[in-house]
Amino acid sequence: MKPRLNSLVADLRATTAENREALAATLYALEGLRERMQAAAKAGFDHLTVPGPDGLDLRETEAAAAALAWLKAERIGHRWTARGGGDTAAGTAQDLVIDWRTAEVGGA
């Protein structure tokens with residue numbers, strides 16, 4: 001019985017990782033981030049908060065890493081902020097805050 005349980009756990013972990021990556025790919029898609037940043041700027045904001053899903057931490061996904069690398073290359077400030085996700089057993093949400101207040105214009 002134990003091998004079946006290990007197989008189930010491995011399957012559940014793989015499914016979890018796959019779906020976290022898919023969710024992050026939607027949430028942190030570069031073109032989508034660019035569009036939301038433009039919309040925020042047009043509304044007069046100098047920052048954008050991308051809320052993470054309650055109880056999930058997507059910081060270690062490939063999509064999040066790509067988004068952070070792009071923001072860094074563009075010299076746009078960014079940080080993760082923790083937000084309680086309701087059920088403390090489920091964990092804390094991590095929101096991505098993008099801030100262009102102090103970004104270097106012209107890539108100095």
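In this text, all values refer to a predicted model and were calculated from it rather than measured experimentally.
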Q: Determine yes or no for a side-chain-to-main-chain donor-acceptor pair under 3.5 angstrom, with Glu21 supplying the side chain and Glu62 the backbone.
A: yes
Q: Kindly write out the residues that satisfy side chain to side chain donor-acceptor pair (under 3.5 Å) with Asp95, not counting sequence neighbours, or none if the list is empty.
A: Arg83
Tabulate below the donor-acceptor pairs under 3.5 Å that side-chain atoms of residues 32-41 make, not counting sequence neighbours, or state none.
residue	atom	partner	partner atom	Å
Arg36	NE	Gly32	O	3.3
Arg36	NH2	Leu27	O	2.6

**Q.** Taking every non-hydrogen atom, the tightest pair across Val97 and Thr81
**A.** CG2-OG1, 3.8 Å
Q: Work out which heavy atom in Pro53 is nearest to a heavy atom in Ala93; give both atom names and the distance.
A: O-CB, 3.5 Å
Supply the atom-to-atom distance [X] [atom1] to [Y] [atom2], rounded to the nearest 0.5 angstrom.
{"X": "Arg79", "Y": "Thr49", "atom1": "CZ", "atom2": "OG1", "result": "7.5 Å"}
{"X": "Leu8", "Y": "Leu12", "atom1": "CG", "atom2": "CG", "result": "4.5 Å"}
{"X": "Arg101", "Y": "Ile76", "atom1": "CZ", "atom2": "CD1", "result": "13.0 Å"}
{"X": "Ile98", "Y": "Tyr28", "atom1": "CD1", "atom2": "OH", "result": "9.0 Å"}

Q: Treat each ILVMFWY residue as a node, draw an edge where side-chain heavy atoms are under 4.5 Å apart, and state whether Leu30 and Leu23 are in one component.
A: yes
Q.
Suppose we screen for side-chain contact (heavy atoms from CB on, under 4.5 Å). Which residues come up paired with Ala29, at least two apart in sequence or across chains?
A. none
Q: Go through Leu96 and Leu68 one step at a time and tell me if the side chain to side chain contact (heavy atoms under 4.5 Å, CB included) criterion holds.
A: CA-CA 9 Å; Leu96 175 59; Leu68 296 185; 3.8 Å; yes
Q. Gln94 and Leu58: side chain to side chain contact (heavy atoms under 4.5 Å, CB included), yes or no, with the steps?
A. CA-CA 7 Å; Gln94 295 290 332; Leu58 302 178; over 6 Å; no
